[in-house]
Number of protein chains: 2
Amino acid sequence: MSAVSLVVRNRDGGRINGDLKARIQKAVSDLDYRPNSFARSLVSQLPSSISVVVPSIRNPFFGEMLEGILQVIGTRFTIQLHVPSEDMDYGIDIVRAAQEDNIAGLILATPPQTTLDSFRQTCPTVILDAYTAMDVSRIELNVVLAGHQLGRHLVELGHRSVGYLDFLPDKATFSCRREALGAVVRQAGGALHNAPAPAEYLDIEQGEAAFSRSWPLWEAAGVTAIVAADDILAYGIMKRAQEMGMTIPDRLSVASFNDIPFSALVSPALTTVDLRAHELGLQAARVLLDAIAREVSSVCTVDPELRVRRSTGSRRAGP
Amino acid sequence: MSAVSLVVRNRDGGRINGDLKARIQKAVSDLDYRPNSFARSLVSQLPSSISVVVPSIRNPFFGEMLEGILQVIGTRFTIQLHVPSEDMDYGIDIVRAAQEDNIAGLILATPPQTTLDSFRQTCPTVILDAYTAMDVSRIELNVVLAGHQLGRHLVELGHRSVGYLDFLPDKATFSCRREALGAVVRQAGGALHNAPAPAEYLDIEQGEAAFSRSWPLWEAAGVTAIVAADDILAYGIMKRAQEMGMTIPDRLSVASFNDIPFSALVSPALTTVDLRAHELGLQAARVLLDAIAREVSSVCTVDPELRVRRSTGSRRAGP
DNA sequence: TTGAAAGCGCTAACAT
DNA sequence: ATGTTAGCGCTTTCAA
């Protein structure tokens, strides 16, 4: 049997008789034999896959991120993809399921804080865009900087009363965006008027509904600009605002976080902070490979970049 | 050791002494033990995952499709995701790699014809949107109907000279779209002017570049409407056409295939044929589960739906 | 009620 | 150069 193993993997350094080798190769091809990579990793103690947990697979943000991961791991590892069934946000159970795969490493993309709190590391792990005191590798997304960039941009345009459409307010990445933005606005003498999106689900309709619900409040507060926690919500805001007859950015500026590729194409093109999804994926995979090979954990930071487009403009003269 | 196995899986029908059971549970919790699901499936002969091969993970079409698959498989199986590194289209090697996973089943999303030709089934398999004479389960996407729907719509609007931006012309799903559309246009006495996109890569820039390159030809042919093989290409076409000063749909109608969620939001909203990505995923997973459980293969068809929006309008009076 | 032993598909060390 | 054996982490007989 060892001969078969050697031939299949081309690991016979000429050690196998040409005739035997030929017979084996014929059998392999006739039977259409596929070596079971898992059985292989069971014995070699080098699993052939890594698990990736993402809150959603519909949000193109995670598609970009996955593309980055795939690019780095190449054919060295295969990916076990874990996504919560309810789309958006996951509990510890799904992380545990991921850990039960025969994996060399694990990537957790923006885990909720409660999930992270009950997390215990069982293999090299990289946590993306979340915070923990544990000795685990992390890729920090500098969302505070993102909030500052957006805040400064709006303040420079003259906006002082800013509406905010929050999302999953208990998740650090979102509360940081809101707070960093609010700090800049308040420092300029303005105010941030927060209106949380109620659902865990992130789609355009959520943005539309949230805008309908919150606009009366925002209007009463003299809001001239609205920021959404994610581009997808901003799409809904713009859609509904335009349906209600407001022109963007003349009547209302709209901006958000993420910069998925379509944000440059909606009308008007959306001002947003590029959260570098692809870069995040690249770094995560690099750090994970490193953690697997050298058994070290590390933390690195990715800085977002403001993309100014047509959806934000100077505050109109007069309230 | 068998006691451990029984306790961990809650399969001891009261057969294990309470004390032993407690000791085992304590050890499990202290060690943070994770049973290796692969080792389990190695012996039980019931693999816990299925492999899914998609040409790209950035195209939201496949995100929607995956969401559908995930929804059906629930926690019964986990997903091994395979994506070619160069984004877009894959060879037999990646399929073979997928088959080497310890899997209960395999889903191949829009495989290229050449890949399909050298495919040999090694486990329950579902092929999405591609054609083969093999006895393999398939989900057929009725792209011929899609082409007819779009063709009829344009003909009714008065268009007779239609430009077409093709993609991967050697792939059946794309050649069928083109031919079905062309048949309707020609039947109405018109002509389809084809211009293949050269790259395998699908992004907005490809659409822009292709439009710049092909517009002189199309203009010379008196084209009043352009259809792209995929929404993403249409975004590029609209972007560049508008930059060149054309208004859509007054000067030029634009339409395409896919209907990813953002197509309703671009400006003008894009007329496109909904290729039912999510439904495709649901059906694929259902058929696969069936193939795994009952060892039967089946074929089912999903019908696309035309979504008429603002990007198409009546042909101008004149030339 | 519990433990010992065989075996899932493979690889690596060893014996022939 | 080739065959035999042990063992990876688990489950499932089967014996104690």
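Below, chains carry the letters A, B, ... as their sequence lines are ordered, and counting in each starts from 1. Keep in mind that the numbers below use all heavy atoms, side chains included, and drop hydrogens, waters and symmetry copies.
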B/Arg294 side chain to B/Asp290 main-chain N or O, any donor-acceptor pair under 3.5 Å?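 It does not hold such a pair.
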Establish, from distance only, whether the side-chain atoms of A/Thr301 and A/Asn142 form a donor-acceptor pair under 3.5 Å.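 Result is no, nothing qualifies.
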B/Thr110 versus B/Asp129, side-chain donor and acceptor atoms under 3.5 Å: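 B/Thr110 and B/Asp129 do not have a side-chain donor-acceptor pair below 3.5 Å.
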Where protein sits on nucleotides 8-16 of chain C, one letter per nucleotide: B base, S sugar-phosphate only, - none, heavy atoms under 4.0 Å: BBBSBB---
Just so I know, are the side chains of [X] and [Y] near enough to count as touching, which here means a heavy-atom distance under 4.5 Å?
X	Y	result
B/Thr132	B/Arg138	yes
B/Leu288	B/Ser137	no
B/Asp230	B/Ile260	no
B/Phe119	B/Pro111	no

Using chain A heavy atoms and a threshold of under 4.0 Å, write down where along DNA chain D the contacts begin and end, 5' to 3'.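 Contact boundaries, 5' end first: D/dA1 to D/dG9.
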